[in-house]
Amino acid sequence: MLPKKAVIPVAGLGTRFLPATKVIPKEMLTVVDRPTIQYIVEEVVTSGIKEVVLVTASGKSAIEDHFDYSFELETFLAQKGKLDLLNEVRQISRLIEVVSVRQKRPLGLGHAVQVTKQVVGNEPFVVCLGDDLVEADIPCVKQMLNVYEKYQETVIAVQEVPEEEISRYGIVEGEKLEDGIFKVSRIIEKPAPGTTKSRLAVIGRYILRPEIYDCLERTLPGVGGEIQLTDALDTIRKERALYAYKFRGKRFDAGDKFGFLQAIIHYGLRHPQLGGPFKEYLKDIVKGLE
Ligand code: UTP
């Protein structure tokens, strides 16, 4: 059975992006012309998944509203004859069926996944972090579903990072099975420099199996006092199997100020209408810097 649901945790406090995120959820910050969360939902939808479980918290209702039907706005646009905009707005609410689950306290990513147990039930599911953007010809989630179809075990997306960045990520070590696919032998959350030779960093895309819920229940708070998904994945590795997949595409940490700036440049250059003029504008800026 292939996953039918995607869990998107958006209950974190977004402290790396303060003060912007004091009131506005970081997942609603706009990259070019849509909030980051919409890129993720579009990735999920184009991968063939239509049911989304949002893990939310207080102050995050703008995200639910964004994917909801807006009677007032749609009536206004229809009356004004602004049909292109109306279509665009309608598309958003038609993309997916959304169910929200509340995470009452931000006790970590592992805990955010744990609270979806009743809604997801006894089936495999996708997890996409609400602030990780991945631009790819074949959507990253779709690439991972292909790997899951073959191995039928937990799959996590990884990318290579420079040595000086390993302490910001979960890092995996493992045996290469085929191009881009590894059987994980070790997974370490935010390792200290020099403690691993691997540069394979876990990013915000996972395909989990229902066994993860039992593992999370047995997981004690780890790094930062939070229930770490990485620790539960390590239990999965020991008790079943864990595969890492080096996806094809480019990933941006849009929850980080510098990553967010990179995402704006990247998506701006690829925008169908704005891309051309934006490129010329950037060229002028670069010339001015020389
Ligand atoms: P992050 O660690 O990037 O999010 O978690 P954060 O805690 O909001 O950000 P900083 O570090 O304070 O800036 C990755 C994803 O997991 C969600 C976040 O919303 C984000 O999309 N998350 C994290 C939860 O849903 N609950 C949590 O308890 C922690």
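The chain is numbered in sequence order, starting from 1. All heavy atoms count here, side chains included; hydrogens, waters and symmetry mates do not. Order of appearance sets the numbers: ligands from 1, and atoms from 1 within every ligand.
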Heavy atom under 4.0 Å from ligand 1: found in Thr15's side chain, backbone, both, or neither?
-> both
Atom 5 (O) of ligand 1 touched by protein heavy atom at under 4.0 Å | no
Between the side chains of Arg34 and Tyr267, does any donor sit under 3.5 Å from an acceptor?
-> no
Considering residues, nucleotides and ligands other than Glu64, do more than 12 of their heavy atoms fall under 6.0 Å from its CD?
-> yes
May I ask you to decide whether Lys283 forms a salt bridge with Glu280, counting only side-chain N to carboxylate O separations under 4.0 Å?
-> yes
Does Leu13, backbone or side chain, put an N or O under 3.5 Å from an N or O of ligand 1?
-> yes
Could you check atom 19 (O) of ligand 1 against the protein and tell me its nearest heavy-atom contact, residue, atom and distance included?
-> Gly12 N, 2.8 Å
For Glu27, the ligand 1 atoms whose distance to one of its heavy atoms is below 4.0 Å | 19 (O), 21 (O)
So does Arg168 pair up with Asp256, basic N to acidic O under 4.0 Å?
-> no
With ring pair (Phe, Tyr, Trp, His ring centres under 6.0 Å) as the test, would you mind laying out the steps for Phe252 and His266 before giving the verdict?
-> CA-CA 9 Å; Phe252 302 92; His266 185 88; 4.8 Å; yes
Identity and distance of the protein heavy atom lying nearest atom 25 (O) of ligand 1 | Ala11 N, 2.9 Å
Take atom CD of Glu97 as the centre, draw a 6.0 Å sphere, and report whether it contains more than 12 heavy atoms from other residues, nucleotides or ligands.
-> no
Ligand 1 versus Ala112: contacting region, heavy-atom distance under 4.0 Å | side chain
Say whether, by atom type as modelled, one donor and one acceptor occur between the side chain of Arg237 and the main chain of Ser185 under 3.5 angstrom.
-> yes
For atom 14 (C) of ligand 1, the closest protein heavy atom turns out to be Leu129 CD1, 3.7 Å
Using a strict cut-off of 4.0 Å, indicate which atoms of ligand 1 neighbour a heavy atom of Leu107.
-> 28 (O)
Pair Tyr213-Phe125, ring pair (Phe, Tyr, Trp, His ring centres under 6.0 Å): steps then yes or no = CA-CA 12 Å; Tyr213 291 116; Phe125 59 103; 5.4 Å; yes
For the side chain to side chain contact (heavy atoms under 4.5 Å, CB included) test, which of Leu54, Ile49, Val45 pairs with Ile96?
-> Val45
Please state which protein non-hydrogen atom is closest to atom 16 (O) of ligand 1 and give its distance, to 0.1 Å?
-> Leu109 CD1, 3.8 Å
Honestly, for His111 the part within reach of ligand 1 (heavy atoms, under 4.0 Å) is neither
Proximity of Glu226 to ligand 1 by residue part, where a heavy atom lies under 4.0 Å | neither
Judged by heavy atoms only, the candidate from Lys257, Gln103, Lys26, Arg105 nearest atom 1 (P) of ligand 1 is Lys26
Determine, stepwise, if the pair Glu160 / Leu200 fulfils side-chain contact (heavy atoms from CB on, under 4.5 Å).
-> CA-CA 5 Å; Glu160 236 158 81; Leu200 291 177; 4.1 Å; yes
Heavy-atom contact under 4.0 Å between Gly108 and ligand 1?
-> yes
Mark yes when over 12 heavy atoms from residues, nucleotides or ligands other than Lys190 sit less than 6.0 Å from its NZ; otherwise mark no.
-> yes
Subset of ligand 1 atoms that lie under 4.0 Å from at least one heavy atom of Pro106 | 28 (O)
Kindly identify the option in Ala57, Gly204, Pro9 whose heavy atom sits closest to atom 21 (O) of ligand 1.
-> Pro9
Does atom CD of Gln118 have more than 12 heavy-atom neighbours from other groups under 6.0 Å away?
-> no
With heavy atoms of Gly130 as the reference, note each atom of ligand 1 found under 4.0 Å away.
-> 21 (O)
Nearest protein heavy atom with distance in Å, relative to atom 13 (O) of ligand 1 | Arg16 N, 2.7 Å
List the closest protein heavy-atom neighbour of atom 8 (O) of ligand 1: residue, atom name, distance to the nearest 0.1 Å.
-> Gly14 N, 2.8 Å
